[in-house]
Protein chains: 2
Amino acid sequence: MTLKTLDNSLEVLKYFNKENPTWGVRELAKEMNISHSIIYRILTTFEQHGFLIQNPETKKYELGLRFLEYGQMVRDKLNLSDFVLPIMKNVADTVKESVFLTWLDGTDGVTVEIAESSQTIKFSVSIGTRTPLYIGASCKTMMAFLPAERKKEITDHGMKKLTPDTITDPDALLADLEKIQQQGWCFTTGEYAHSVFGLGVPLFNNKREVIASLTIAGPIYRKPTEDRLPEMINVLQYGAMNIQRYFDQYSFKLYHE
Amino acid sequence: MTLKTLDNSLEVLKYFNKENPTWGVRELAKEMNISHSIIYRILTTFEQHGFLIQNPETKKYELGLRFLEYGQMVRDKLNLSDFVLPIMKNVADTVKESVFLTWLDGTDGVTVEIAESSQTIKFSVSIGTRTPLYIGASCKTMMAFLPAERKKEITDHGMKKLTPDTITDPDALLADLEKIQQQGWCFTTGEYAHSVFGLGVPLFNNKREVIASLTIAGPIYRKPTEDRLPEMINVLQYGAMNIQRYFDQYSFKLYHE
DNA sequence: AGATTATGGTTCTATTATAGAAACATGTGA
DNA sequence: TCACATGTTTCTATAATAGAACCATAATCT
């Protein structure tokens, strides 16, 4: 059905992340429990195409410049900088916290655009960050609007705690999502990272399927009090409305699944 | 020696570029002269890993969000924004033209950082752009400092004209490179694009091998007159010196070949 | 409306590329 | 000097892939 060789190779790529940016052949082979010959062939083939480079001194491999090219092509395709980013910046300036646009991609949310708070203490993640849909305001906002069978896929797939506050009980999660869907926004504290709050609202394509979310996030000690939360929701929903208008106008299409 | 399946698959990826961002299965198979079954298996495998996504309506494939993730990891690794970009912005403000940092990657130069001119008419390319080393100021600056055998590889590999002014005669190119190496900078007009001038200087790693270049580029009608060129070279070399100091300090390592 | 010709997707098996062990070359630390 | 790392290469049984043929479906032409 699928190509096993390519499948394995892409699996190998996944081991190159921020925590482990460089790998030696045997080192990675041991980590993956695969023969080092196989890893060697995969790494050298990627290298020949510029997706990996080998440090000539340490002989270890790391991500190559080819990814810069493809990454930029995806960014250009999204073309969020021109119209969406100013809206996000506006929200960020108003609430004095960072604002994120998160895209639905399979069973993950991917951060595709960021408007950072001007404050010195702020929540900060980098573009391309990938988070399971059951964790945090930006992701749960999207998951809440998925059809039941896709929710089930996610809960069945097994859930891990990022913090003690991450909800991993399927029933508790589904009840939470139900509430989020009804009220149209999601407020969380400490689910994604210990000292962070998040407030998210969903964005839809022209078929009313959820495709993204807009989220405010900041340090937990600045989280809005209950009486000020409606105000923040208002600002966020106003920004989301403007972005939604842009999506609708250009019949925004970045497909999921 | 190398993995043929992976090799083919990465070759398929190359067909997804700015000019042709979306491909149908049979369409791409015809373009590559390969059975559509093969292409189908490759595309679906990439899709399962998020490197491609299929538009559920048109059934065509395009680049997926996974590249955003890897692209950002490479950007983070380069970490040019903090120290190098301010230097580039400084140069850009002084000369009132765009400034580019280009990385050596095999037989290409890759744009890795940009400081745009504040002028309304300016030369503009996007990050990740890949250009053969024999074309334009930013690339020839680097090629000039390569060992003779690598120059030969490039000239032997066949050269195409991007504009009528692109030098494609091996002897003429080598003579040009000789001059560039001696004077330490490269000034070109119309080689990369018809109405563009460029002025580049090289950057080296701690083994005195060329790894990058710093380039000023702008519309040809604003190109410096002969008596004002030395001034521009000065500004550029001063910026390059500061960047070079940063490279040396952090024993900058992004390997080529 | 029926025929034609596209498309994406599936199945099958001869062929071929790959897996994985073993060996090799080189470097390093004991 | 020996032992044990490392990346790299070679070999062949075996398993995965190539590629033709086919299916289902949608659009287009007659």
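Note on naming: letters A, B, ... go to the chains in the order of the sequence lines (proteins, then strands), and numbering restarts at 1 for each one.
With hydrogens and angles ignored, no donor-acceptor pair closer than 3.5 Å exists between the side chain of B:Arg41 and the base of C:dG9.
If you find the closest nucleotide of DNA chain D to A:Leu6 and to A:Gly24, the one lying nearer the 5' end belongs to A:Gly24. Toward the 5' end of DNA chain D, the nearer of the two residues A:Trp23 and A:Thr5, judged by each one's closest nucleotide, is A:Trp23. The residue among B:Lys4 and A:His36 whose nearest nucleotide of DNA chain C is located toward the 5' end is B:Lys4.
No side-chain N or O of B:Ser213 forms a donor-acceptor pair with one of B:Lys140 less than 3.5 Å apart. Looking only at atom types and distance, the side chain of B:Lys18 has a donor-acceptor partner in the side chain of B:Ser126 under 3.5 Å away.
In this structure, OH of B:Tyr40 is placed 15 Å from P of D:dA24, rounded to the nearest angstrom. Computed from coordinates, the A:Lys59 NZ to D:dA5 C1' distance equals 15 Å when rounded to whole Å. One interatomic measurement links the two molecules: CD of B:Glu57 to C1' of D:dA26, which rounds to 15 Å at whole-angstrom precision. The separation between B:Ile42 atom CD1 and C:dA17 atom P is 14 Å, rounded to whole Å. Following rounding to the nearest Å, A:Arg26 (CZ) and D:dC4 (P) show an atom-to-atom distance of 14 Å. Residue B:Asp7 contributes atom CG, which lies 18 Å from atom P of C:dT16 at whole-angstrom precision. In this structure, A:Ile38 places its CD1 atom 17 Å from P of C:dA17, rounding to the nearest Å. For the pair B:Ile39 CD1 and C:dT7 C1', the interatomic distance rounds to 15 Å; values are reported in whole Å.
Ion pairing between B:Glu149 and B:Lys152 fails under the 4.0 Å rule for side-chain N and carboxylate O. Of the charged side-chain nitrogens involved, at least one lies within less than 4.0 Å of a carboxylate oxygen, so that B:Arg130 and B:Asp105 count as a salt-bridged pair.
Within the nucleic acid shown, B:Ser37 comes within 4.0 Å of at least one base atom, counting heavy atoms only.
Between B:Tyr61 and the phosphate of C:dG9, there is a side-chain N or O to OP1/OP2 separation shorter than 4.0 Å. Put simply, B:Gln54 has a side-chain N or O that comes within less than 4.0 Å of OP1 or OP2 on C:dG9.
Test A:Ile42, A:Leu63, A:Thr44 against A:Leu52 for side-chain contact (heavy atoms from CB on, under 4.5 Å) and you get one pass: A:Leu63.
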